[in-house]
Amino acid sequence: MELSKFEEFERKCSGELPDEIRKILKKAQGKEYCAIGFVTTDDFYGCYLTWDYSHDINKYYDWENGLEPDFLCQPLVDIVESCKDIDFCSPSDEKWEFAETLLAVLEKTVKQLPDEIFQENGFKRNGNLFFAAMSDGDYIEEMLDKSVKMFNSGETLEAYGMTR
């Protein structure tokens, strides 16, 4: 999938994600770890942030700390609506390619987060695990597995008991 379709999403994410992560980490002060997830709907018509202080990201769907910032939702909906050739309600190579492109954009955005956001809230950058998944649907495990490896350093994965 063409990355150019995601330019507006990437621009908004790069501009506004740092403030959202700052808010999450501020609430997490005093904790050693904070896992932060981007969770989409199965048809990509929604995306929210969730976080928790445990090492068990497999239960992210039970976390009650959801933020639904507009910069994650509307630009993604606009992309989905422009992709008339993809059936977002069924698994397909095209839908997975869309998911992989979204993960690439989120990876870039996460890796560009300024170090001071973590430091000012008492965290090391590598003490926070980032991931993306679906709330339900076709590619829950695939997105989770791939994003964990894309978004995080080996040091972070080791701290969370995961491997590359």
Open item on the list: Show me the pairs that pass ring-ring contact (aromatic ring centres under 6.0 Å, His included) and involve residues 92-117, at least two apart or across chains.
Closed with: F6-F98, F44-F98, F88-F98, W96-Y139
Open item on the list: Checking E155 now: which residues fulfil side chain to side chain donor-acceptor pair (under 3.5 Å) with it, not counting sequence neighbours?
Closed with: N126
Open item on the list: According to side chain to side chain donor-acceptor pair (under 3.5 Å), who are the partners of S82, at least two apart in sequence or on a separate chain?
Closed with: none
Open item on the list: Suppose we screen for side chain to side chain donor-acceptor pair (under 3.5 Å). Which residues come up paired with T101, at least two apart in sequence or across chains?
Closed with: none
TODO: Starting from the C-alpha separation in whole Å, work towards a yes-or-no answer on side chain to side chain contact (heavy atoms under 4.5 Å, CB included) for D43 and V80.
DONE: CA-CA 8 Å; D43 59 4; V80 169; over 6 Å; no
Task: Distance, nearest 0.5 Å, that separates CG of L102 from CG of L76 - done: 5.5 Å
Task: Listed partners of K95 passing salt bridge (charged side-chain N to carboxylate O under 4.0 Å, His left out), at least two apart - done: D42, D138
- [ ] Find the distance between CG (L103) and CE (M143) and round it off to the nearest 0.5 Å.
- [x] 4.5 Å
Task: Qualifying side chain to side chain donor-acceptor pair (under 3.5 Å) pairs with a residue from residues 25-36, counting only residues at least two apart or across chains - done: Q29-N121
Task: Separation between CD1 of I21 and CH2 of W51, rounded to the nearest 0.5 Å - done: 9.5 Å
- [ ] Apply side chain to side chain contact (heavy atoms under 4.5 Å, CB included) to S90 and list each qualifying residue two or more places apart in sequence or on a separate chain.
- [x] D87
Task: pair L157-F151: side-chain heavy atoms closer than 4.5 Å - done: no
Task: Non-hydrogen side-chain atoms of I57 and V148 separated by less than 4.5 Å - done: yes
- [ ] Please round to the nearest 0.5 Å and tell me the distance separating atom SG of C13 and atom CG of L106.
- [x] 5.5 Å
TODO: Taking the side chain as every heavy atom from C-beta outward, state whether Y160 and F131 have any atom pair closer than 4.5 Å.
DONE: no
- [ ] May I ask you to test the L129-M162 pair for a side-chain heavy-atom distance under 4.5 Å?
- [x] yes
Open item on the list: Do L72 and P69 have side chains that approach each other closer than 4.5 Å (heavy atoms only, starting at C-beta)?
Closed with: yes
TODO: Go through I36 and T50 one step at a time and tell me if the side chain to side chain contact (heavy atoms under 4.5 Å, CB included) criterion holds.
DONE: CA-CA 6 Å; I36 300 170; T50 191; over 6 Å; no
Open item on the list: So which atom in S147 and which in A132 form the shortest heavy-atom distance, rounded to 0.1 Å?
Closed with: OG-N, 2.8 Å
What side-chain donor-acceptor pairs closer than 3.5 Å can you find for residues 110-119, not counting sequence neighbours?
{"unit_1": "K111", "atom_1": "NZ", "unit_2": "E107", "atom_2": "OE2", "d": "3.1"}
{"unit_1": "K111", "atom_1": "NZ", "unit_2": "M150", "atom_2": "O", "d": "3.2"}
{"unit_1": "D115", "atom_1": "OD1", "unit_2": "R125", "atom_2": "NE", "d": "3.2"}

Open item on the list: Under the rule for side chain to side chain contact (heavy atoms under 4.5 Å, CB included), what residues qualify as partners of Q74, not counting sequence neighbours?
Closed with: D70, V77, D78
- [ ] Show your reasoning for whether salt bridge (charged side-chain N to carboxylate O under 4.0 Å, His left out) applies to K23 and E20.
- [x] CA-CA 5 Å; K23 289 176 196 173; E20 295 300 318; 3.2 Å; yes
Task: Non-hydrogen atoms of S135 and V39 that approach each other most closely - done: N-CG1, 3.5 Å
Task: Within-4.5 Å side-chain heavy-atom neighbours: V105 and L3 - done: yes
TODO: Check whether the ring centres of F9 and F71 lie less than 6.0 Å apart, and answer yes or no.
DONE: no
TODO: Could you tell me whether the side chain of T156 and the main chain of N152 form a donor-acceptor pair under 3.5 Å?
DONE: no
Open item on the list: Between F38 and T109, does the side chain to side chain contact (heavy atoms under 4.5 Å, CB included) criterion hold? Intermediate values first, please.
Closed with: CA-CA 12 Å; F38 300 87; T109 305; over 6 Å; no
Task: Sequence neighbours excluded, every pair satisfying side chain to side chain donor-acceptor pair (under 3.5 Å) that has a member inside residues 7-19 - done: E8-R11, E10-K108, D19-R22
